[in-house]
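These notes are about the structure you will find just below.
Atoms within each ligand, like the ligands themselves, are counted from 1 in listed order.
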Amino acid sequence: MQEKIVTIGDSITVGELAETLHLSVTTLVGELFKNGIAATINQRIDFETATIIVEELGIDAQLERKADTGEGEVVTRPVYEVSANASERPPIVAVMGHVDHGKTSLLDAVLDNKTAEGEAGGITQHISAYQTVRDGRAITLLDTPGHEAFAALRQHGAVLTDVVIIVVAADDGVKPQTIEAIRFARNANAKIIVAINKMDKETANPQLVKTQLATEHNLNPEEWGGDTIMVEVSAKTRAGLDKLLDNVLLIADLEELKADTDVPAQGLVIEAHMETGKGSVVGLLIEQGELKPGHFMVAGSTYGKVRTLLDFKGGALKAAGPSTPVTVTGFKELPQFGDTFVVVKNEKIARAMSEQARIEREKAAASTNVTGADLLKMMTQQHEAEAFNVIVKADVQGSLTSVMDSLRLVDTNGAVTLRIIGSGVGNISENDVRLAADEHTIIYGFNVDLSPAVKQLAARDKVQIRLYKVIYELLDDARESMESLLAPEVVETQIGTLTIKGVFRTTKEEIIAGGEVTHGKAMAGLLTRATRGDEVLAEMELTKVQRQQQEVKEVFEGDMCGLSLKITKKVLLEEGDKLEFFTRELVKRTLS
Ligand code: GDP
């Protein structure tokens, strides 16, 4: 029989390997555990480790490392320079500012403006970028649900924002997130326009806002001889909105924003979620080129063919050019927020590029997980403790300190390490969610609130947030969560032993032998370990037991019997070899 050949990358998760080999995860976890690796289903093991484990399990499969794509195509992402033929493109504007200063209201008002110009409103729920038109010219507006979204884009090296409108409420002045917004804008090298909002309010004090910005943040209004455009507006009455947009267009003119349209489309993933019936629904912001239905696109480690191409209102498009926010369906899997997307010639290249990106990501991940070299070390050593990451937020400093101190005291006998990767006084923020980044970190809130926006972001990024008002309940939860990280313990129970008296037949799959039960009993279904002196020969399964040529359920100490043993790799037993019959269970470990 031909050995099955299984191709895997440089590393693979325990879950994936089990699936590929049609094994149960528990079998695999059990085998890893026997080799000193306490692995969870999501843990990555490298190619060498996987090979050793497959061999140990005696599976008829040979692992092969995935070779280069061999497509002969260049699979690095192209970078396009703006050519001499490049044409004008709409400015990309991010609206930022302190909470409640009127970002959303301003954006709504600006987009209503557009409705007033005769186009349908109805902003779709899922896209965070819009377009409005002023004097026949498009302006792209990015709704940054939190500044973190913007920070994440920057993290990915994306300098996609031309202008940042910093909204400051005239009745409230400069606040922490205003300062954050200024910092982001400067880091992103974007032009700043300050929109002093809520001018309709009696308590509005634009002079104070300007003074604060000028004296504390080096943003000097033009009217004072500086170069920062500051526009007094009211999202409520719409006063000043046209002037605001005119200034955006003025900057666009000064900056001579241009992009090529006759190059393969390229841009950023700004939104991604799954929808029943539609599959992946992905928001893209096109930076260059033109995207059309039917194009093959790659983003991160996924690819697809543009099935539907929609504008921000959900209307079908035949093509979309630079600075246009669109929603597409057709990606095979969800790309990540902030991934670059690029259009390529055909599906083959798309697949090869995404595959390469996946291998690179796996390589990066593998370097922090189990490697073949670690395996030998781990066989003799205690495995490294699992890490349990938490972020703690509390209403006041006193409770924060006591929650953190108590968490550190949860005793795990060194099996799980608790790491507080962030803490602070105040409500759980989008920053906290961003810091948590994935499902392996839990955010604990003690006597604090959770805003719908943060909740939504957490759900999207699969970050777990748990709110408590009683410290013991919080600690119980932490203890349970830590227990769930512990790999199960392998428990073997000895049932009986036997000495081989004769071997009648050995095939690739089976051994028929006879022997005498020396201790306990033997029955069909038990796991069996064959030993010769100190040497373990193999593990097999006892499938049939006979006494005096009759098949029986079990045989006991002192009985002579016939045995059928199922083997997974060839082993030659001989008279005098010992068999141990046992059961093996995986038992959930607890911390107490
Ligand atoms: P965001 O948190 O920055 O998005 O702020 P919102 O747009 O949600 O606005 C916060 C509050 O300020 C809401 O109650 C708005 O109705 C109010 N608001 C926003 N803009 C104005 C304005 O120009 N004038 C007045 N009077 N209230 C405003």
(request) Return the minimal non-hydrogen interatomic distance between Asp395 and Val448, and the atom names on each side. (result) N-CG1, 3.5 Å

(message) Give the residues near ligand 1 by chain and number, with the criterion being a heavy-atom distance under 4.0 Å.
(response) His98, Val99, Asp100, His101, Gly102, Lys103, Thr104, Ser105, Asn197, Lys198, Asp200, Lys201, Ser234, Ala235, Lys236

(message) Testing the basics here: between Leu309 and Pro293, what is the closest heavy-atom pair and its distance to 0.1 Å?
(response) CD2-CD, 3.8 Å

(message) Is the shortest side-chain heavy-atom distance between Glu255 and Pro91 below 4.5 Å?
(response) no

(request) Determine the interplanar angle of the Tyr468 and Tyr444 rings, folded into 0 to 90°, and report it as parallel if under 30°, tilted if 30 to 60°, perpendicular if over 60°. (result) tilted

(request) Evaluate the side-chain proximity of Glu222 to Ile229: yes if any heavy-atom separation is below 4.5 Å, no if none is. (result) yes

(request) May I ask you to say whether Arg466 pairs ionically with Glu473, meaning some side-chain N is under 4.0 Å from a carboxylate O? (result) no

